[in-house]
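Right, one structure below, let's go through it.
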Amino acid sequence: MDQREFNIPLIIEDPKLFPFCDNSIKSSHYTAMNFVPKTLFEQFRRIANFYFLIVVILEYLPFSPLTPTVSLAPLVIVLSITAAREAYEDYQRHKSDNEINNRKVLVFRNNEWLPIAWKEIKVSDFVKVQENEFLPVDLLLLSSSNNNGICYIDTRNLDGETNLKIKQAIPETLQYSNTDKLQDFYAEFASELPNNNINGFDGNITFENQEKLSLNQNQLLLRGSTLKNTKWVIGFVVFTGKDTKLFQNSKEAPSKRSSVEIQLNPRLVTLFFFLMCIGTVGGIMSARWEKDWKKKAWYIAIDKESGISQNIVVRGIVGFFSFVIVSNVIVPISLYVSLEVVKFTQSWFINKDMKMYHMETDTPAKARTSNLTEEIGCINHVFSDKTGTLTCNIMNFVKCSINGEIYGDDQIIGGEINDLNRIENNEKEKNQEKRKEKKKKFSDKNLLNDLHKSDEIQSNYIHEFLLTMSLCHTVIIENNLEEIDNYSEIQYQAASPDEGALVNATRELGYTFIGRTPKTITIDIEGERKTYELLNILEFNSSRKRMSVIVKDPEGQIILLMKGADDTIYERLDQKNKQLNSDIIHNQIESFASEGLRTLCFAKKNISEEDYNEWNKLFHKANTLTVDRKKNVEMVCEQIENELFLIGASAIEDKLQKGVPQAISSLSLAGIKIWVLTGDKRGTAINIGHSCSLLTNEMELINITSDILEEYLIEMENANETAFQNNKQYQPMALIISGKALRFALTENQKLTFLKLAQRCQAVICCRVSPIQKSQIVELVRHNVKNSTTLAIGDGANDVSMIQAAHVGVGISGNEGMQAVNSSDYSIAQFRFLSRLLLVHGRWCYKRVIKVILYSFYKNVAFSFMQILFGHFSGWSAQTLFPAFLISTYNLFFTSLPILIVGIFDQDISDESEEKYPQLYSCDNQKDDFSFKGYWIWIIEGVFHACVMFFIPILIIGTNIVRHDGKPTAFWVYSIIIYTSVVFVVNLKVAIETTYWTWMHHFTIWGSIIFWFLLISIFSNSLKLSSDLHSIAKEVYTHPICWISLLLVVFICLLPDIAWKYIRRNYFPKDFHIIQEIEKKKAKYQKKIKNLKNLNFSNSVEEHLLNSEQEEKFSKISKMKGDNKYNDNNWDISQESELSILEAHFSSDVDLKEGLKKRKNNKNKTIVLNSSDSSDLFEN
Amino acid sequence: MNKPKDSTFKQQRLKGGNPILTPKLTIPVCIVIGIILLAVGIILLVTVGSVKEIQGRYDDKCKGEEICYLDFVPEEDMEAPVYFLYELSNYHQNHRRYIKSVSSEQLSGETITYDDSSVCEPIRSYKDKEKNDMVYEPCGLVAWSVFNDTFKFTDSDSNDLGVSEKEITWKSDREEIFQNPSTPIDPLANTTIVSDLENEHFIVWMRIAALPTFRKLYAILEKGKLEKSKTYTIEIGNNYPVESFEGTKSLIITTTTFTGGKNSFLGYVYIITGAILFLVGILFLSKHLIKPRDLGDETYLTWHH
């Protein structure tokens, strides 16, 4: 069955047979009953949790050296933290579900309107929705409080678009507006099956003994939208519950995992392998030991052990598992929880960043997922949409070509339409002022002159041009015409900013669009109202790239008016009577495009009554189909959209967003390849490329434009030759490829050649691409370039596929609705914030996350490796080196908080420097940290620390007496000494890895160490907790040997680390080292000035002023470098030069001193600057 | 308004600092710490040098004899307190199955049931006349393998040296943990040589040693001294079997300092570490003097050239 059919009213004898779902919604995942099993199941799907489950099970075996609680306790804590979060989130979902399900709406039951809960609504019920109410179901509109069945709805919850949409009932159902009529309602209804297409609906309705009537999306009111400006509507229910378009659309976006998370698994596996090695060594050695010692060590009575076979293989296996169990801590159980906390906080910081907040639209940046925080620290390919992403999406109609004549040079015709009318009502007044400012009430005199001139041909062309502009659109008028005195107060609401700009422009030129009904369009031509009968609208979509209207003019002539992209229109021109000037116009279009303007062509065609009627039948038929309607409608449209007559072309300017060139050059300095994917013409794209500094003058441009395969291959060959010439190794290049050529480039056997060429180029611009191609390009790079991390950024619905295909998707919360944002991972208000998002947040997050991961590995390796070392001394018996409870608390109590704080707050360099030196953001550099080499360095360090912490105490204490009272050192004393040194070393290791110390670092690092002493003193004072550890603190810490060996262990562990860091910084400095030093210098300089100021405070007022002035300058510099980087630089020359002097001061100490002196001397004042004063900037 | 608040926390501008390892910070610290470590090492070596220690293996000398005599002659005077310890080698007191085979409840004077005694496997219980399972007191491997050699220290005139065999354990052990049960131990329930859980030699044994070679305190000479060149005799009750596991038994007579007995290792490690640190400091310093690198010089940035 490929359509749904039912009668209204629905006749069902048995409610159980009711074939449609009910209208209650359920977004919660759990119920009280299934919460525990379900959440446990979910959590054990994580490999680390499952591992610990296995460990716990192993610990239940009789030979286990550890009791199950040792691993069970941390596992339970970790699981319950996650479960508590799940439970809380699900409780919220339950609450909102209940609230929604029990909302009331008027439903026609027993011949009257009764308030019924939403969840009770059934398919075919009549529902009456009042103004400002939410639609509870997908409703088919029958009638509304307006006579013609029109209503307005707000769909911002569905697609984020804030402009009101018009819906209109078909005339045949308008009568069903009261209870009497509804009682007699009887019809058969058929529609498409539930689907997720918000902008389409095919259905039909048949009343008794009448013809089938076509229904489309204009009659369908969708759940989730709100009724506006209409008192009430009545309709019947088509889709309920999860059949509604809202829920069909709410499929979860494909969940993305960061590459770090993916790389985490092989590293965990390495750890498992490491653990298996420990187990194997332990197993073999313990079997050997027992074989050798079975007879000898009478005191252990090995052969008397009951229950377990004495077979050497069995003993080996038991030994293996015993060592696996005692070393199980090698896998860091707290890692996932720590990572979740760290990433959550990072996302929160992104949301709260003032410097990514857009004042004009009141939009902060938003991290919509916390999975990818580290991924944005390592991007190497950015795919950007152009319109609305790089540009403002605020359109100005600037030029036009009519019949080969160019008008509007250097002048702006008409006004701007922008997103301002989409802002909240309470800000409307302010906006109106703004709007007025932006409108330039200027019209090209030549155009008007020509329009009124006697030269009839040109005058006629202009008339038709303006007519097309004012008739061929889907703009609606927001305000009530009767309330305004002047046409200039009309507020248009356009689906696309281009249309808005066109309609606004015609108003300025005297052709004002003043209203539309479903069947008519009214315009005011220079004071004379004319009403055109609207026959059909052939709608715009991105594959058609054109729209047309068919109207009947007041004289009765049927005309088709069309606007669209030049290539689609040129394809459809009348080939038989080729227009002479079509080539001229084409050249003019090209020249518009090369100025970066967006072009549209206009064409018309007169249609005879008979032709039209014939065609209209086909069109009507296609429109009443419930299956494949769209395809059929397009085919029918093709039949009439031909043999067109070209009138002219318009050129619309779309300004670059603020800060885009700076952001782009920052990103390219950061080593990121930028691909611009645009639907615009080549010329427009290249021009924009230049103005946003993606393309530079040194760049050699490679053009691939052919639309024939053979030509394409030749072009590619030539391009490859140029690009890979030996003498051009360092020549920067840019590739510009058209959508048609891309078709070949993306085929299976061509794509790698294309990719190789594209990788050679610093910038790539793809023009005239379709949404599908956008995602294909992203996937091409993602899957074929090694180590690529891709980011796609866009604002429109056509960018959704690309946003979802890329590793990271960024949505611009701009003018084209919310679809891009809703499917993105991060949303920002302006393109320029992308550079801060990546360079600052991304880089920090990556560094932090890597540090947390590697450190967690390190600390657990260091802890567990001592077990196998001790095995050698304890007869390979898998005796644990530490008391069991200290093993289970190691990860939770003593070592988790400091690294968490580092993971949240660490900043190796400040955000200002990160933005100033984008080169620091180099993916290769970043990836180095988490390469297997970097990983092994940490692991080996862990092993090294384990050896030091184990052997130094052994060699010191060993067999000796280490107390002045001669009493021997028991096993647990030794164990506590080692544990103390572990707590010290591992926490101090965090300290030396910390690059930014705040009070929280001090609190957690020293706090962890203090907490250890607290805990052990509690244990040693209570006989009940552990008799082994009773009074252990006294026996350990009151003897100097403990401290002497502790000091030694800490020094031997950490000094090589510090020395290595020193050597790296001073002899093999990396860029961030240098920048840290520059920052330090800057800070010292600032301090110095402050001191000077205080020192000379009494000298003279003038001096004081000088100093404060200097400080002001300083803050100006830092401001310019950081905060106000993108502000217009309206500095005058003197300020600039002073700035450069101050800048120069940073380059060396000597300069600094001289610079200061210079300034003082200029003022004929001398301040004695002690020469040692400024040279010891680095003395701490 | 969605505008984020300008708080130091939210904007990640918490007051903080970033100490960097500049030569002017690192080199002095390096050299100073190196010197301190060297000094500590020398002090340790000197102190340890003042310790006098005599040690001798006796299991080979006493082979096959139940009672044997051993003479020793101190090379220098040994002032009290002098500690007498025995050392066992190749003895894995730290074996897992050995360590866990003990009942701490029982040792602190409680009477445990047969079920509770499972921890003592494999030496747990015996059958009495009625074939009931009776728990050994004390049970477990550790208690049953208690070291039972005895030592008697006399001078050349066969006068007892008057060493004390009390207070050779931790205070908390003898006063709080080890308690005899309220009802005296049934001799039948105890087939080991230990019938007194508060016996200090027993308590010393029950504190497990960390490594397979270990020393345990036997007695303390609290007053007087062992004079140099004088011969002293030890009467050894040689009961404890060690041949089977190729172990040795030795006796150690030593004085102590604040770091314990004669152990030069610590001092040497301190000296070596200190020396290396000092040398590294000097190396860094000379490199810094010969060819210093300007800190924070932008020309070092990789993209600068």
Side-chain angles (χ1 to χ4, degrees), chain A residues 65 296-301 304-305 349 352-354 357 362 364 873-875 877-879 919 955-956 959-964 966-968 970-971 974 995-998 1023 1027 1030-1031 1035 1040-1041 1044 1048 1051-1052 1055 1059 1061-1062 1065-1066 1069 1071 1074 1076-1078 1080-1081 1148 1178-1180, chain B residues 1-4 6 10-12 14 16-18 20-26 83 92 94-99 104 122 141 145 170 172 176-177 207-217 220 244-245 256-261 263 265-266 269-270 273 280 293-296 300-303:
Chain A
K296 295 178 189 171
W298 53 270
Y299 53 91
I300 307 177
K304 276 194 195 154
E305 200 185 8
F349 280 142
K352 296 290 170 199
D353 192 344
M354 275 170 68
Y357 167 75
D362 189 30
F873 291 92
S874 63
S877 60
Q879 168 60 35
Q919 292 94 332
L955 292 170
I956 291 171
T959 58
N960 296 301
I961 330 150
V962 290
R963 298 164 54 143
H964 70 279
K967 283 167 196 164
F971 176 53
Y974 178 71
T995 53
Y996 190 74
W997 283 83
T998 67
L1023 200 54
S1027 66
H1030 183 61
S1031 89
E1035 300 298 336
I1041 197 81
I1044 293 172
L1048 196 64
F1051 273 130
I1052 295 182
L1055 284 179
K1061 283 189 159 40
Y1062 175 82
R1065 166 177 299 278
N1066 287 284
D1071 296 323
I1074 308 285
Q1076 284 175 346
E1077 289 158 12
I1078 294 173
K1080 197 97 186 172
K1081 230 168 178 175
S1148 82
F1178 282 88
E1179 251 172 31
N1180 286 318
Chain B
M1 286 293 273
N2 300 318
K3 188 176 179 176
D6 184 10
K10 285 179 184 168
Q11 303 307 321
Q12 305 193 57
L14 277 183
N18 175 10
I20 55 180
L21 293 169
T22 57
K24 279 183 179 152
L25 171 70
T26 316
Y83 299 91
H92 288 85
N94 58 10
H95 196 279
R96 178 165 61 84
R97 288 211 290 279
Y98 185 84
I99 289 183
S104 53
L141 287 170
S145 59
W170 295 359
S172 57
E176 293 170 53
I177 295 180
R207 271 281 161 195
I208 299 295
L211 298 171
T213 300
F214 56 87
R215 293 174 179 184
K216 284 178 185 278
L217 187 57
I220 306 167
S244 71
F245 52 88
T256 61
T257 68
F258 73 97
T259 59
N263 179 11
F265 176 78
L266 190 58
V269 180
Y270 260 87
T273 317
V280 168
R293 175 173 81 77
D294 277 342
L295 290 174
Y300 282 103
L301 295 171
T302 43
W303 56 85

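These figures come from a predicted structure and were not determined experimentally. Numbers restart at 1 for each chain; the letters A, B, ... are given by sequence-line order, proteins then strands.
- Proximity to chain A (any heavy atom under 4.5 Å) is restricted, for B/Ile99, to the side chain, taken from C-beta onward.
- For chain A, the nearby part of B/Thr273 is the side chain; its heavy atoms alone come within less than 4.5 Å.
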(request) Applying side chain to side chain donor-acceptor pair (under 3.5 Å), run through B/Tyr300 and B/Asp294 and close with a yes or a no. (result) CA-CA 9 Å; B/Tyr300 282 103; B/Asp294 277 342; over 6 Å; no
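- Interface remark: B/Arg293 contributes side-chain atoms only to the contact with chain A (heavy atom separation under 4.5 Å).
- Partners of A/Phe873 by ring pair (Phe, Tyr, Trp, His ring centres under 6.0 Å), not counting sequence neighbours, listed by chain and number: A/Phe950.
- Looking at B/Phe245, both its backbone and its side chain come within 4.5 Å of chain A, counting heavy atoms on both sides.
- Between B/Tyr270 and A/Ile1044, the shortest heavy-atom contact is OH-O, 2.7 Å.
- By number of non-hydrogen pairs under 4.5 angstrom with chain A, the leading residue of B/Phe265, B/Phe258, B/Trp170 is B/Trp170.
- Contact count against chain A (heavy-atom pairs under 4.5 Å) is highest for B/His95 among B/His95, B/Lys10, B/Lys216, B/Arg207.
- Both the backbone and the side chain of A/Leu1048 come within less than 4.5 Å of a heavy atom of chain B.
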(request) Decide side chain to side chain donor-acceptor pair (under 3.5 Å) for A/Thr995 and B/Asn18; before the verdict, give the C-alpha distance in whole Å, the side-chain angles of both, and the deciding distance to 0.1 Å. (result) CA-CA 5 Å; A/Thr995 53; B/Asn18 175 10; 5.4 Å; no
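- Only the side chain of A/Phe1051 comes within less than 4.5 Å of a heavy atom of chain B; its backbone N, CA, C and O stay farther away.
- Between chain A and the options B/Ile177, B/Thr256, B/Leu21, the largest number of non-hydrogen pairs under 4.5 Å is found for B/Leu21.
- The nearest pair of heavy atoms linking B/Glu176 to A/His1030 is OE1-NE2, 2.6 Å.
- When all heavy atoms are compared, the tightest approach of B/Ser145 to A/Trp298 is CB-CZ3, 4.0 Å.
- With sequence neighbours excluded, the residues forming a side-chain hydrogen bond (donor to acceptor under 3.5 Å, both in side chains) with A/Arg1065 are A/Gln1076, A/Glu1077, listed by chain and number.
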